[in-house]
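First up is the structure itself, then whatever we jot down about it.
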Amino acid sequence: MRLSKLFGKTQREIPAEADTASHRLLIRAGMIHQLAAGVYSYLPLAWRVLKNIEAIIRDEMDKAGGQELSMPVLQPVELWQKTGRDASFGKGLFSLSDRRERQLVLGPTHEEVITDLVSRNAQSYRDLPLLLYQIQTKFRDEPRPRGGLIRVREFTMKDLYSFDTDKEGLDQSYKKMLNAYRNIFTRCGLPTMLVEADSGAIGGKESHEFMVIAESGEDEIIHCDSCKYEANAEKAESMKGRVDSGQPLPLEKVKTPGSYTIEEVSNFLKVPQSQTLKAVFYIADGELVFITIRGDLEVNEIKLKNILHCSELRIASEAEVIESGIIAGSASPVGLSGIKVIADDSITTGTNFVAGANKADTHLRNINYPRDFKIDLIANIALARAGEGCPRCNGKLLSTHGIEVGHVFKLGTFVSEKLGALYTDASGISRSIVMGCYGIGLGRLMAAVIEHSHDDKGIIWPPSIAPYQVYLCPLYLENPEVRTAAEKLYTELEAQGLEVLLDDRGESPGVKFNDADLLGIPIRVTISPRTLEKGSVEVKWRGEKKSKLVLLKEAAGRLKELIKR
RNA sequence: CGGGGUGUGGCGCAGCCUGGUUAGCGCGCAGCGUUUGGGACGCUGAGGUCGGAGGUUCAAAUCCUCUCACCCCGACCA
């Protein structure tokens, strides 16, 4: 390809709206263009990278036994109503109606469609296991697209679904996919961390995410400094530690004028925050719930949502709290009735807690569970934080940020039950198919590669996914020898099957070198009167400082070898 | 949805507070010339409904009202 003809121009200036590295570089390299919030065009360079990523993914999926197919983006909403996931996706579902006022959605994922499809085509245990996948555009009306391609509303995703007869089969499919995913990310030059994850709106039980460590990552990863424990903060657990405060003492009322927050109460009564109980109020699908948790901890809303099995969860407004007769600032589970009370299991880690008295400016000392109050549900709903103890060993938890590039779920039979996807086992009994699902976002993967591999000059593409392999960079093109040598080498390299970008522009060396660095093509080959004097060209890897001279007549062969490596 | 911010040629911005001739600057783009091993220079030129609607005024990019879009911080996910 001749650079002068390539659609898409490099930009010198940094686009104002971009503040993550990949976003800036993708725009500056002329690879993407934003049409609307979270909606992008991919220009030829980006498209080539995506195609390369796609080829790697396809290869690994096929090797793992996957069969590629293609399903509709346009889906009847009824299918989503059957699984109830129209509610769990909520406003994230792009929906529209056709001319007959039929409600349709644009597929954000394809569990429903594929399960419906499989249920009609696989009836016997002999038809299983199955691994089916597609690489296709997904639509999700994200509340807030961000970071360029990191989070968008229309994106290409590889989604594979596994169908097995039982849990053991699912475990095997899951393992195959974990392995394939590791291969994919490695081949894309991306180091990843496999973390335990929450399954969110997709549903299901066990779930893992592949994370790329990056400052700009949206996810917080909690991991142990001494064992292998790694989890998304949404899911992470921690040792809460015991609060040793002796034998239960009798309840005692204390006046606490002006003290409302945990900090104020703890200062006023001179007790550590871990010796208090915090009250937090949420509205779960319209119903007010009372949450109590040790004062030094925070509620993990994801965990809370999961145990409440609700689709919408938000902090209650002050008005809503007051309306339900609770004294904000002095709220307490003690003596409360008519409201659902959920407690974090941290309330059992100590004795003689301080909490509100449900009476203005008054708190209670020496509250003990279960002596003094009842709750509807006790569970681990606390946010794990760096510095706390590892739940698996004696280590300390650390925190980093990451970009989620892949997510795998053990779905189980949730979807197949709802959609009646059954198979007949060897003894003739009808059973639900056991499912798993596995996704990779291609654009996000491309962005993550850039986040991981760039410098202040530009992108550094791993050769496996680079849009071109060689940046052929002749200087002083008006010099006939340079021009002839460049054209000849260009032809030879292309004949060798190499992907070459020829910078045939009449730009100055500085401009050409800077663009070469920005575009991040793995190998730069410079031809100038200076190199030709020695019958040579200059070869330089994008990621390295030094270059070396290669004889012009050997150049094509040598480059072919380099690329192979 | 809550909070913060921005909309002015393809890109980055100034002008707005304190209304007043042809709306500027840099990059980029086109032409010519001189240059050029890490983003050269000169000359010439093209390109703008000042996000949109309404209003105030003799006069609006500038003031007022409404509205739309986009970005950033939080609740969602590949």
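Per chain, numbering begins at 1; letters A, B, ... match sequence-line order.
- The CD atom of A/Glu234 sits 14 Å away from the C1' atom of B/G74 (whole-angstrom rounding).
- Checking A/His454 against A/Glu451 by side-chain atom types alone, no donor-acceptor pair falls below 3.5 Å.
- Between the side chain of A/Arg444 and the base of B/C77, a donor-acceptor pair under 3.5 Å is found.
- Using cut-offs of 30° and 60° for the angle between ring planes, the A/Phe409 and A/His407 rings count as parallel.
- Remark: A/Arg153 fails to qualify as a cation-pi partner of A/Phe139 under the 6.0 Å distance and 45° angle criteria applied to the six-membered ring.
- Atom C1' of B/G12 sits at a distance of 29 Å from the matching atom of B/U34, rounded to the whole Å.
- Dashed line: the shortest gap from a side-chain N or O of A/Gln34 to OP1 or OP2 of B/C71 is under 4.0 Å.
- Nucleic acid contact class of A/Ala36 (heavy atoms, under 4.0 Å, all strands): sugar-phosphate only.
- Take the nearest nucleotide of RNA chain B for A/Ala16 and for A/Thr156: the residue whose nucleotide is more 5' is A/Ala16.
- Separating the CD1 atom of A/Ile27 from the P atom of B/C11 is a distance of 11 Å, rounded to the nearest angstrom.
- Counting non-hydrogen atoms under 4.0 angstrom, A/Pro145 reaches the backbone sugars and phosphates but no base.
- The stretch residues 183-193 of chain A has no heavy atom under 4.0 Å from RNA chain B, so no residue of it qualifies as close.
- Within a 6.0 Å radius of CD in A/Glu263, other residues, nucleotides and ligands contribute 12 heavy atoms or fewer.
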Side chains of residues 473-481 of chain A: which donor-acceptor pairs under 3.5 Å do they make with residues two or more places apart or in other chains?
unit_1	atom_1	unit_2	atom_2	d
A/Asn479	OD1	A/Glu481	N	2.8
A/Asn479	OD1	A/Val482	N	3.3

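- We find that OH of A/Tyr161 is positioned 11 Å from C1' of B/A78, with the value rounded to whole Å.
- Counting to the nearest Å, the C1' atom of B/A75 and the CG atom of A/Asp198 are 14 Å from each other.
- Rounded to an integer number of Å, the gap from A/Asp219 CG to B/A75 P is 11 Å.
- Here, B/C13 and B/G48 have their C1' atoms 15 Å apart, quoted to the whole Å.
- Rounded to whole Å, the C1' atom of B/A46 lies 13 Å from the corresponding atom of B/G10.
- Under a 3.5 Å cut-off, the side chain of A/Lys303 and the backbone N or O of A/Ala382 do form a donor-acceptor pair.
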Protein-proximity profile, nucleotides 27-45 of chain B, B/S/- by nucleotide at the 4.0 Å heavy-atom cutoff, equals SS-------BBBBS-----
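- Ring geometry for A/Tyr438 versus A/Tyr174: interplanar angle of 30 to 60°, hence tilted.
- A/Gly30 comes within 4.0 angstrom of nothing in the nucleic acid, heavy atoms only.
- At the phosphate of B/C73, OP1 or OP2 sits under 4.0 Å from a side-chain N or O atom of A/Arg144.
- One can place NE2 of A/His33 at 9 Å from C1' of B/G10, the figure rounded to the nearest angstrom.
- One C1' atom belongs to B/A53, the other to B/A60, and the distance between them is 15 Å to the nearest Å.
- A donor-acceptor contact closer than 3.5 angstrom is absent between the side chains of A/Glu209 and A/Ser207.
- Nearer the 5' end of RNA chain B, as judged by each residue's closest nucleotide, is the contact made by A/Gly38, out of A/Leu442 and A/Gly38.
- Taking the six-membered ring where tryptophan is involved, the planes of A/Trp80 and A/Phe89 are perpendicular, since the angle between them exceeds 60° and thus also 30°.
- Note: CD (A/Glu220) to P (B/G74) measures 11 Å, nearest angstrom.
- Summarising the geometry, the separation between CD on A/Glu218 and P on B/A78 is reported as 12 Å, rounded to the nearest angstrom.
- Ion pair A/Asp159/A/Lys138 flagged as a salt bridge, since at least one NZ, NE, NH1 or NH2 atom sits closer than 4.0 Å to an Asp/Glu carboxylate oxygen.
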Paired and unpaired positions of RNA chain B as dot-bracket, Watson-Crick or G-U wobble under 3.5 Å, | denoting a partner strand: ((((((((.[[[[.)....(...]]]].((((((.....)))))).....[[[[[..)....]]]]])))))))....
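- Note on A/Leu445: nothing from the nucleic acid sits closer than 4.0 angstrom, heavy atoms only.
- For the C1' atom pair drawn from B/U65 and B/G15, the interatomic distance equals 24 Å after rounding to whole Å.
- Remark: A/Asp198 does not engage A/Lys305 in a salt bridge, criterion side-chain N to carboxylate O under 4.0 Å.
- As rounded to the nearest Å, B/C64 and B/A23 have C1' atoms that lie 22 Å from one another.
- Residues that satisfy the side chain to side chain donor-acceptor pair (under 3.5 Å) test with A/Thr156, not counting sequence neighbours, are absent from this structure.
- Contact annotation for A/Gly92: no contact, since no heavy-atom pair falls under 4.0 Å across all strands.
- Both tests hold for A/Arg48 against A/Tyr468: distance to the six-membered ring centre under 6.0 Å, angle to the ring axis within 45°.
- Legend: side-chain hydrogen bond (donor to acceptor under 3.5 Å, both in side chains) pairs involving residues 31-41 of chain A, not counting sequence neighbours, sorted by first then second residue: A/His23-A/Tyr40.
- Rounded to the nearest Å, the gap between the C1' atom of B/G9 and that of B/C1 is 36 Å.
- Of the P atoms belonging to B/G26 and B/G4, the separation is 37 Å, rounded to the nearest Å.
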